[in-house]
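Count residues from 1 along the sequence.
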Amino acid sequence: MTSELNQTERLREEILKDANKKAEELVNNAKNEAEAILINAHVQAEKIKKEIIENAYQEAERKSELILATVPVEIARFKAEHIESLLDTIYQGAYKRLQNLEGIDYTEVLINLAFDAINKMAGDIFNIKISWAGFNLDGDFLAQEITNRIDRPVTVTISEETNIVGPGIIIEDNEGRQIWDNRLTERLRRLWPALRRKIASDIGLAMEKEKQEVIK
């Protein structure tokens, strides 16, 4: 009876020992698996972090390149706007001076305007229309002076036209087939495209020279 009890006790101890061993193995395996998972998670986290940083760096580089690429365009746009503003100021100033005849000998200007136009027109009889509003003009004197300056025989008559706006003259031939609007502001309008290109070029060169001086 005692022998059987001892055997039973030994069997129980072996079963417990085996159970403890297996439990310990399970715990160790779980611990190792957990450590492996943590290590893998850390590796993955570092990889993701590296990818995020790399992507952010590439995006920053791309945006920097885009910004740098727009700099010359923005400079050119600013320069163009600045030149355009200066040109508009010059045009408006010239228009105002001509309109108000600032510093202008109006009689001499009228003679030269008529001389310039008639020399380019066919025919020998011309009527010059002038707005005399605000001016003390001698029509006979003007007609004679204009005739004297033309290098061919012509007949010139002067007529006052109250509906003409702006200083200057409008010339017609005897048949009314040729009409030359030589008012000062109209001449400015016709000549402005060529003048504008020349002035814009000069301004651009001056700005470039100034920039080079600043760089030095």
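Tracing side-chain contacts under 4.5 Å through hydrophobic residues (I, L, V, M, F, W, Y), one reaches L191 starting from L188; they form part of the same cluster. Following chains of ILVMFWY side-chain contacts shorter than 4.5 Å, one cannot reach I125 starting from V154, and the two form parts of different hydrophobic clusters.
Within the model, atoms CD1 of I158 and CD1 of I169 stand 7.5 Å from one another, a figure rounded to the nearest 0.5 Å. Taken to the nearest 0.5 Å, the CG atom of L195 stands 9.0 Å off from the CZ atom of R197. Going from atom OG1 of T157 over to atom CG of D140 covers 11.0 Å, rounded to the nearest 0.5 Å. How far CH2 of W180 is from CZ of R187: 8.5 Å, rounded to the nearest 0.5 Å. Here the straight-line distance linking atom CG of D151 with atom CD1 of I118 works out to 11.0 Å at 0.5 Å rounding.
Closest of all the heavy-atom pairs between L101 and P167 is CD2-CB, 3.8 Å. The nearest pair of heavy atoms linking P153 to D124 is O-CB, 3.6 Å. Scanning all heavy atoms of the two residues, the minimum distance from I171 to A114 falls at CD1-CA, 3.7 Å. Between D173 and M121, the shortest heavy-atom distance links the atoms N-CE, 4.2 Å.
Here D181 pairs with R183 under the side-chain hydrogen bond (donor to acceptor under 3.5 Å, both in side chains) rule; sequence neighbours left out. R149 is linked by a side-chain hydrogen bond (donor to acceptor under 3.5 Å, both in side chains) to E108, N112, counting only residues two or more places apart in sequence or in another chain. Qualifying side chain to side chain contact (heavy atoms under 4.5 Å, CB included) partners for V109, counting only residues two or more places apart in sequence or in other chains: I104, L113, L184.
With hydrogens and angles disregarded, a donor-acceptor distance shorter than 3.5 Å links the side chain of Q178 to the backbone of A122. In this structure a side-chain-to-backbone donor-acceptor pair under 3.5 Å is missing from S85 to E81.
Applying the ring pair (Phe, Tyr, Trp, His ring centres under 6.0 Å) test to pairs two or more places apart or on separate chains, those with a residue in residues 89-127 are Y91-W192, Y106-F135.
Contact annotation: the side chain of N174 never approaches that of N127 to less than 4.5 Å [non-hydrogen atoms, C-beta and beyond]. Contact annotation: the side chain of I128 never approaches that of L110 to less than 4.5 Å [non-hydrogen atoms, C-beta and beyond].
More than 12 heavy atoms of other residues, nucleotides or ligands sit less than 6.0 Å from atom CZ of R152. Within 6.0 Å of CZ in R190 there are more than 12 heavy atoms belonging to other residues, nucleotides or ligands.
Hydrophobic cluster of I179: the remaining members, joined at side-chain heavy-atom separations below 4.5 Å, are I164, I170, listed by chain and number. Side-chain contacts under 4.5 Å among hydrophobic residues (ILVMFWY), followed directly or transitively, place V165 with no other residue at all.
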Derivation and outcome, side chain to side chain contact (heavy atoms under 4.5 Å, CB included), residues L142 and I111: CA-CA 7 Å; L142 286 173; I111 295 170; 3.8 Å; yes
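With no hydrogens or angles considered, a side-chain donor-acceptor pair links N148 and Q144 at under 3.5 Å.
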